[in-house]
Trainee: 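Before we start, here is the structure in question, set down as structure tokens.
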Amino acid sequence: MASPNGTGFLLPAGAQGLANYPHARTIPSTAKTIFVSGISSRRADGTFEGCETKADGTFELECGAQTAAVLRNIETVIRGATDGRCGLESVVDATVFLVDMRRDYGAMNAEWNKIWPDRTRAPARTCVQVAALPNEKILVEIKCQATVVSD
């Protein structure tokens with residue numbers, strides 16, 4: 001069965017990804033592309049999933065919870081942009097931004113691999129560490145592209 005996000009390509013030999021993603025994806029020429037802006041774990045009320053504010057005003061952050069929320073938020077955006085026809089299965093390429101690669105890469109990958117357990121169906125992906133994201137309560141942000149295959 002064809003994947004909604006095109007065809008994954010894995011190098012038969014050589015270095016493999018540390019998480020579930022192919023080396024490349026190809027998509028049909030009839031597909032429309034959705035460009036999803038950088039998404040965080042921010043809720044509609046302005047709070048952040050994966051951020052627990054303590055009584056003294058400090059906060060505790062958890063990258064796994066934030067990543068799961070980011071992926072749910074992206075799914076909501078794609079479903080909205082396609083009138084419910086597509087979701088995360090249509091993501092072709094993603095860029096993940098982390099503020100602390102060493103601390104958070106494993107937790108982010110664990111959530112990523114729950115969504116895409118089969119690397120041949122996962123989007124192509126790049127992950128980079130950044131100096132900061134727009135709010136100190138954000139550990140991870142993801143931007144991506146998804147496809148809508150014409151019927």
Trainee: Under 4.5 Å between side-chain heavy atoms, counting indirect links through other Ile/Leu/Val/Met/Phe/Trp/Tyr residues: same cluster for Ile39 and Phe48 or not?
Mentor: no
Trainee: Minimum heavy-atom separation for Val128 to Thr126, with atom names?
Mentor: CG1-CG2, 4.0 Å
Trainee: Determine the minimum heavy-atom distance between Thr47 and Asp45, stating which atoms define it.
Mentor: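 Closest pair (atom of Thr47, atom of Asp45, distance): OG1-OD1, 2.6 Å.
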Trainee: Please answer whether the main-chain N or O of Cys86 pairs with a side-chain N or O of Ser90 as donor and acceptor at a distance below 3.5 Å.
Mentor: no
Trainee: Is it the case that one hydrophobic cluster holds both Ile142 and Leu61, taking links as side-chain heavy atoms less than 4.5 Å apart, direct or via other members?
Mentor: no
Trainee: Do Ile78 and Leu71 share a hydrophobic cluster (ILVMFWY, side-chain heavy atoms under 4.5 Å, transitive)?
Mentor: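 Yes, because Ile78 and Leu71 connect within a single hydrophobic cluster, where side-chain heavy atoms sit under 4.5 Å apart.
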Trainee: Given side chain to side chain contact (heavy atoms under 4.5 Å, CB included), test Cys127 with Met101 step by step and report yes or no.
Mentor: CA-CA 9 Å; Cys127 183; Met101 186 77 72; 3.9 Å; yes
Trainee: Show the nearest heavy-atom pair for residues Glu141 and Pro134, with the distance to one decimal.
Mentor: OE1-CD, 3.8 Å
Trainee: In the structure I gave you, are the side-chain heavy atoms of Leu139 and Leu98 within less than 4.5 Å of one another anywhere?
Mentor: no
Trainee: Specify the closest pair of heavy atoms between Ser40 and Asn73, including all atoms of both residues, with the distance to one decimal.
Mentor: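 That closest heavy-atom pairing would be O-ND2, 2.9 Å.
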Trainee: Measure the shortest side-chain to side-chain distance between Ile34 and Val36 over non-hydrogen atoms and say whether it is less than 4.5 angstrom.
Mentor: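 With C-beta onward as the side chain, the pair touches.
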Trainee: At their closest point, which heavy atom of Arg85 faces which heavy atom of Val148, and how far apart are they?
Mentor: NH2-CG1, 2.5 Å
Trainee: May I ask you to decide if Phe35's main-chain N or O and Gln145's side chain share a donor-acceptor pair within less than 3.5 Å?
Mentor: no
Trainee: Are the side chains of Phe97 and Lys143 in touch, meaning some heavy atoms are under 4.5 Å apart?
Mentor: yes
Trainee: In the structure I gave you, are the side-chain heavy atoms of Val91 and Cys144 within less than 4.5 Å of one another anywhere?
Mentor: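 In short, these two side chains touch, coming nearer than 4.5 Å.
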Trainee: Which heavy atom in Arg125 sits nearest to a heavy atom in Val96, and how many Å separate them?
Mentor: CD-CG2, 3.9 Å
Trainee: Asn5 side chain to Ala146 main-chain N or O, any donor-acceptor pair under 3.5 Å?
Mentor: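 Answer holds: no.
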Trainee: Check this for me, if you would: do Lys54 and Glu60 make a salt bridge, where the nitrogen-to-carboxylate-oxygen distance has to be below 4.0 angstrom?
Mentor: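 Result for this pair is yes, salt bridge flagged.
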Trainee: Hey, what do you get for CD (Gln129) to CZ (Arg102), rounding to the nearest 0.5 Å?
Mentor: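 Going from the CD atom of Gln129 to the CZ atom of Arg102 covers 9.0 Å.
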Trainee: Out of Arg42, Arg72, Lys137, which one pairs with Glu49 under the salt bridge (Lys or Arg N to Asp or Glu O under 4.0 Å) rule?
Mentor: Arg72
Trainee: Would you kindly confirm whether Phe59 and Ile138 end up in one hydrophobic cluster when ILVMFWY residues are joined by side chain heavy atoms under 4.5 Å apart?
Mentor: yes
Trainee: When hydrophobic residues are tied together by side-chain contacts of less than 4.5 Å, even through go-betweens, does Val77 share a cluster with Ile115?
Mentor: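 Val77 and Ile115: one cluster.
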Trainee: In the structure I gave you, are the side-chain heavy atoms of Trp112 and Thr67 within less than 4.5 Å of one another anywhere?
Mentor: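 No. Closest side-chain heavy atoms not under 4.5 Å.
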Trainee: Got a sec, which residues hit salt bridge (Lys or Arg N to Asp or Glu O under 4.0 Å) with Asp118, two or more places apart in sequence or on another chain?
Mentor: none
Trainee: Could you list the residues that satisfy salt bridge (Lys or Arg N to Asp or Glu O under 4.0 Å) with Lys32, not counting sequence neighbours?
Mentor: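 Lys32 satisfies salt bridge (Lys or Arg N to Asp or Glu O under 4.0 Å) with no residue once adjacent residues are dropped.
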